[in-house]
Amino acid sequence: MIVRLGYVALPLDIDDCSPSRTITYTNYTKIPNEDIRQDKILSLTKANLENTIRILKHNITKDISIYRITSKLVPLVTHDNVTRWNYIGKFKHYYDQIANIIESNNLRISSHPDIFNVLNSPNENVIYSSLDTLIYQNIILDAFRVTPVNGKLVMHIGGSYGNKNKSIKRFITNFARIPDRIKSRIIVENDDKIYNIKDTLYVAKSLGIPMVLDVHHHWCNNDGLRLSDFLFDIFSTWNNEVLSPKIHVSSPKSDKEFRSHADYINFESFNNFIKIAKTTDMDFDVMIEAKKKNLALYKLMEDIKKSTNYTIKNGASFIV
DNA sequence: ACCTGTCAAGTCTGG
DNA sequence: CCAGACTTGACAGGT
């Protein structure tokens, strides 16, 4: 079984490399001249693309082939009152450069629209803005020449609105409204408060889409369900995919702030998960969601090296 | 150079 | 019923 590790958006071992530089809407409106406002957005986007290139190159030197791009590459892009502009055409050469790096190194690139995108909301305006975000994310992945086969968008089921079953149904109904190309990118993840692994697996199976297991969320929100009873079925939602199943891994910050992410990954808990995963005999990919980002990935690899249970494959993958 | 409050967005909670 | 928490990195404005 081969397990590959990746991380989210921002490496902490390169200086000044944020791919998420931005301007707040309030400050945007303080700029009196439309041209200067536009210049500001352009220069931030340019910096974000350049930094994304630096990050991908850095990842390659560390054998990291799993990476989640920032959802904030283009500042204020989904804001209603900000002028729409051709954020692809203006920087085509950067997107092409990124596409070439991804292609020639066979990188797995994903994206995760943030918590404000809710597909099961009863509020139509929320649906519209969520669809808008999905369309934007799809455009970015397309510009990176990452197809729906390789580039997924991770979504949560959403709110409960006092009735989980009804809200699950609404997610399924609203899913039909998503353009087909974007539908084939969407994968669903269990969350830490409302939709547990059973709920999420039900949605994934109903829609015929893959499920991402978040091990930490399951620990926070499990209603007594045992991972060992569900993991094979969760991984099996990826059977028709080219990509391997993916899981999210993080550790609780403290007993009190158990939902918050700790700096690093608890190796004992990680080992325990691997024991369960071993019974599925399937390769899988791990998205590390630790505060210390890729530093936590390096530390986990160090722990894995010291353990006798594993064989190191390269800087960011190992064999169980 | 460093610290603090603020920020575009949605939902849920606690008062 | 509404303000604040949740969560996140980054900016703006202060010292």
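Just so it is clear: chains get the letters A, B, ... in the order the sequence lines come, proteins before strands, and each one is counted from 1.
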Hey, does [X] reach any base, or is it just sugar-phosphate, or nothing, if we go heavy atoms under 4.0 Å?
X        : value
A/Asp80  : nothing
A/Ser260 : sugar-phosphate
A/Thr78  : nothing
A/Lys253 : nothing
A/Ser18  : sugar-phosphate
A/Lys40  : nothing

Among the candidates [options], find the nucleotide nearest to the side-chain atoms of [X].
X        : options               : result
A/Thr24  : C/dT7, B/dA8, B/dG10  : B/dA8
A/Lys291 : B/dA8, B/dG10, C/dT8  : C/dT8
A/Lys72  : B/dA8, C/dG9, B/dG10  : B/dA8
A/Val118 : B/dT11, C/dG9, C/dA12 : B/dT11
A/Ser20  : C/dA10, B/dC7, B/dA9  : C/dA10
A/Ser121 : B/dA8, C/dA10, B/dT11 : B/dT11
A/Arg21  : C/dC11, B/dC7, B/dT11 : C/dC11

Spacing of the [atom1] atoms in [M] and [N] (rounded, Å):
N      : M      : atom1 : result
B/dC12 : C/dG9  : C1'   : 23 Å
B/dA8  : C/dG13 : P     : 13 Å
C/dA5  : B/dG5  : P     : 12 Å
B/dT6  : C/dG4  : C1'   : 14 Å
C/dT7  : B/dC3  : P     : 23 Å

Item to check | Non-hydrogen side-chain atoms of A/Lys253 and A/Phe258 separated by less than 4.5 Å | outcome: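 No, too far: nothing below the 4.5 Å cut-off.
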
Item to check | Validation row: A/Met282, A/Met1 side chains within 4.5 angstrom (heavy atoms) | outcome: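 Contact flag for A/Met282/A/Met1 side chains = no.
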
At less than 4.0 Å, is any side-chain N or O atom of [X] found next to OP1 or OP2 of [N]? Yes or no.
X        : N      : answer
A/Lys293 : C/dG9  : yes
A/Tyr161 : B/dT11 : yes
A/Thr22  : C/dG9  : no

Next on the checklist: Keeping A/Asn120 on the side-chain end and A/Ile168 on the backbone end, is there a donor-acceptor pair under 3.5 Å?
Outcome noted: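 Here the side-chain-to-backbone pair does not exist.
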
Next on the checklist: A/Glu289 and side-chain hydrogen bond (donor to acceptor under 3.5 Å, both in side chains): which single residue from A/His216, A/His248, A/His217 fits?
Outcome noted: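 Of the listed residues A/His216, A/His248, A/His217, the side-chain hydrogen bond (donor to acceptor under 3.5 Å, both in side chains) partner of A/Glu289 is A/His248.
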
So, [X] and [Y]: side-chain donor and acceptor under 3.5 Å apart, yes or no?
X        : Y        : value
A/Asp142 : A/Tyr95  : no
A/Thr24  : A/Asn27  : yes
A/Asp13  : A/Tyr298 : yes

Item to check | From CZ (A/Phe116) to CG (A/Asp114), nearest 0.5 Å | outcome: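 So the gap between those two atoms works out to 6.0 Å.
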
Checklist outcome for this item: For DNA chain B, the expected dot-bracket line (Watson-Crick or G-U under 3.5 Å, [ ] crossing, | inter-strand) is |||||||..||||||

